[in-house]
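Worksheet: one structure, shown below.
Throughout, protein chains are lettered first and strands after them, A, B, ... in sequence-line order, and every chain is numbered starting at 1.
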There are 2 protein chains.
Amino acid sequence: MEALAQVAGLLADSTRAAICGALLDGRAWTARELAAHAGVAASTASEHLTRLVEGGLLVEHRQGRHRYVALAGPHVAELLEAMAAFAGPRVPPRGLRAAAVSEAMARGRTCYDHLAGRLGVALKVGLVAAGVLRTGTAGVGNGDLATADLAASDLTITEPGMVWLKELGFEPGNRRLTRPCLDWTERVPHLAGAAGAFLCEVFLDRGWIRRIGTSRAVLLTPEGEQAWKDLGLT
Amino acid sequence: MEALAQVAGLLADSTRAAICGALLDGRAWTARELAAHAGVAASTASEHLTRLVEGGLLVEHRQGRHRYVALAGPHVAELLEAMAAFAGPRVPPRGLRAAAVSEAMARGRTCYDHLAGRLGVALKVGLVAAGVLRTGTAGVGNGDLATADLAASDLTITEPGMVWLKELGFEPGNRRLTRPCLDWTERVPHLAGAAGAFLCEVFLDRGWIRRIGTSRAVLLTPEGEQAWKDLGLT
DNA sequence: TGGACGGTTCGGCGCCGGCCGAAGCGTCCC
DNA sequence: GGGACGCTTCGGCCGGCGCCGAACCGTCCA
């Protein structure tokens, strides 16, 4: 448990947590960007980054006078998601600008390497309806749909679904295919794992979604809406 | 991310982490027991317990002059497991007595409400072989069995498997049926979730396993070995 | 009605860790 | 070469937190 306390200690500081939260977009940030984002001096951020890298949460990549850092991998993102989900639903932010940003994030965003927000949830629901995914709460349940939906977090890919994915260019690797990721804003699981990352990549590569500015928020483009229909999603 | 830092802060202290680790056996402990286990004064433990309860990690149950505390639920156990698994494999303990305890734990133990250790892994493997469980890394893979096995962490219950479980008395509820839980000692996923908890209960109720002293370590009884065969496991 | 016992509250101590600014180092670009 | 820039190192400050023992409160038992 000593080791657990150590990694928890890395995340126990609000500045370091803010840094990790920013990196959840899956991209590499420079030390200065993160310092500004967290609202601390560059020297302070530098020390935090060193600790996070030494702790194995982040990897760094030095390029000229820049120090880029990123999450060390999907396992770190999963850990952060698990903790954030546990920390529970947050109160909605106040203020016009904050609300606008929050609304864009709630509509659709990237969550490390896959899609989240209402867009992410819609994608999962569409894939289930199209028979690509199957949610695995096989039990008869007790009729309580609200809680049953929350618990319905076993996602598996059907055989036709795998064919569909491979036609899009998907190649299964060692990484776990599907993983439910509890959505912060929607409180509903959406699709993560190798398949989720692949679909997010496809959507970005083909211009079906576009990042809003440099934030994690994304927007479904008109081409994306068309493709959505072409793929047989609702 | 502020909330994440807060819950991380609860686990960032080695004494509190030790307390949570002890409670991972799924039972309720008194404040005094936990103080002794963590090696701190009763007053110190009392304050820690208050903080953990207020933070939602623990629930308490006052009975006479005793204060029993336990993990607030499976979701807390899952969080702890995720963090412990992330923290990585530990060096083997030194010393005869420590090694003996460690060996018993590695052989078989409870992990909150399900079975872990070699026994837990054997159970999972047996269930897969018997067709009750299916591991879902559906891809053709790349032939790398070692890593493929680690990634093969999608566990689903087959239709015949569900019939088999129901014959044992299993009733599906809202809780997620299966969940892979990365084993600390074996570094291989085993069966958690509602089905894992149910099987652990069955094994304990029917005397197929027995706790060693008051620790989390468990032993397969002769009746258990017989039942193991009767159930068609290997 | 005592005494033993589990738990809690409170003061006080000491340390650890986060923060900053200043100074220094390496890189890039004019 | 010189200046701008990104980053790091180093002191020093300060607050917070974990720890303990002593005193206290309730419960249980003889």
What are the residues of residues 7-20 of chain B, sorted by number, that bring a heavy atom to within less than 4.0 Å of DNA chain D? B:Asp13, B:Thr15, B:Arg16
Measure the distance from [atom1] on [X] to [atom2] on [N] and round it to the nearest whole Å.
| X | N | atom1 | atom2 | value |
| --- | --- | --- | --- | --- |
| B:His48 | D:dG16 | NE2 | C1' | 14 Å |
| A:Leu34 | D:dT8 | CG | C1' | 16 Å |
| B:His66 | C:dA4 | NE2 | P | 17 Å |
| A:Arg32 | D:dA4 | CZ | C1' | 11 Å |
| B:Glu60 | C:dG6 | CD | P | 18 Å |
| A:Leu52 | C:dG17 | CG | P | 14 Å |
| B:His61 | C:dG6 | NE2 | P | 18 Å |

Apply the test side chain to side chain contact (heavy atoms under 4.5 Å, CB included) to residues A:Thr221 and A:Ile209: give CA-CA distance (whole Å), side-chain angles for both, the deciding distance (0.1 Å), then the verdict. CA-CA 5 Å; A:Thr221 62; A:Ile209 53 175; 5.7 Å; no
B:Arg179 bridged to B:Glu81 by N-O distance under 4.0 Å: yes
Inspect the contact between B:Asp113 and B:Arg27 and indicate whether a charged nitrogen and a carboxylate oxygen are less than 4.0 angstrom apart. no
List for me each residue that meets side-chain contact (heavy atoms from CB on, under 4.5 Å) alongside [X], sequence neighbours excluded, and say none if there are none.
| X | answer |
| --- | --- |
| B:Ala22 | B:Trp29, B:Leu34, B:His37 |
| A:Gln63 | A:His61, A:Tyr68 |
| A:Glu47 | none |
| A:Ser43 | A:Ala41 |

Listed once per pair and sorted, the ring-ring contact (aromatic ring centres under 6.0 Å, His included) pairs that draw on residues 5-26 of chain B, sequence neighbours left out: none
Pairs flagged by side-chain hydrogen bond (donor to acceptor under 3.5 Å, both in side chains) wherever residues 191-204 of chain B is involved - sequence neighbours left out: none
Using distance only, find each side-chain donor-acceptor pair of residues 9-18 of chain B under 3.5 Å and give its atom names and separation, not counting sequence neighbours.
unit_1, atom_1, unit_2, atom_2, d
B:Asp13, OD2, B:Thr15, N, 3.0
B:Asp13, OD2, B:Arg16, N, 3.1
B:Arg16, NE, B:Leu10, O, 2.7
B:Arg16, NH1, B:His48, ND1, 3.1
B:Arg16, NH2, B:Gly9, O, 3.0

Residues, nucleotides or ligands: over 12 heavy atoms within 6.0 Å of B:Glu171 CD: no
Any donor-acceptor pair under 3.5 Å from B:Arg216 side chain to B:Arg109 backbone: no
Could you check whether any side-chain N or O of A:Glu33 sits under 3.5 Å from a backbone N or O of A:Thr30, counting only pairs where one atom can act as donor and the other as acceptor? yes
From the list D:dC19, D:dC7, C:dG7, which nucleotide is the closest neighbour of the side chain of A:Arg67? D:dC7
N/O (side chain, A:Arg62) to phosphate O (OP1/OP2, C:dT27) under 4.0 Å: no
Give each protein N/O atom lying under 3.5 Å from an N/O atom of nucleotides 23-30 of chain D, with the pair distance.
unit_1, atom_1, unit_2, atom_2, d
D:dT27, O2, B:Arg65, NH1, 3.2

Under 3.5 Å, which protein N or O atoms sit close to an N or O of nucleotides 9-12 of chain C? Give each pair with its distance.
unit_1, atom_1, unit_2, atom_2, d
C:dC10, N4, B:Glu47, OE2, 3.4

Please give the angle, rounded to 10 degrees, between the axes at the start and the end of the helix from C:dT1-D:dA30 to C:dC30-D:dG1, where five pairs define each axis. 30°
The criterion is side-chain hydrogen bond (donor to acceptor under 3.5 Å, both in side chains); which residues satisfy it with A:Thr50, sequence neighbours excluded? A:Arg67
The residue, B:Ala41 or A:Ala45, whose nearest nucleotide of DNA chain D is more 5′ is A:Ala45
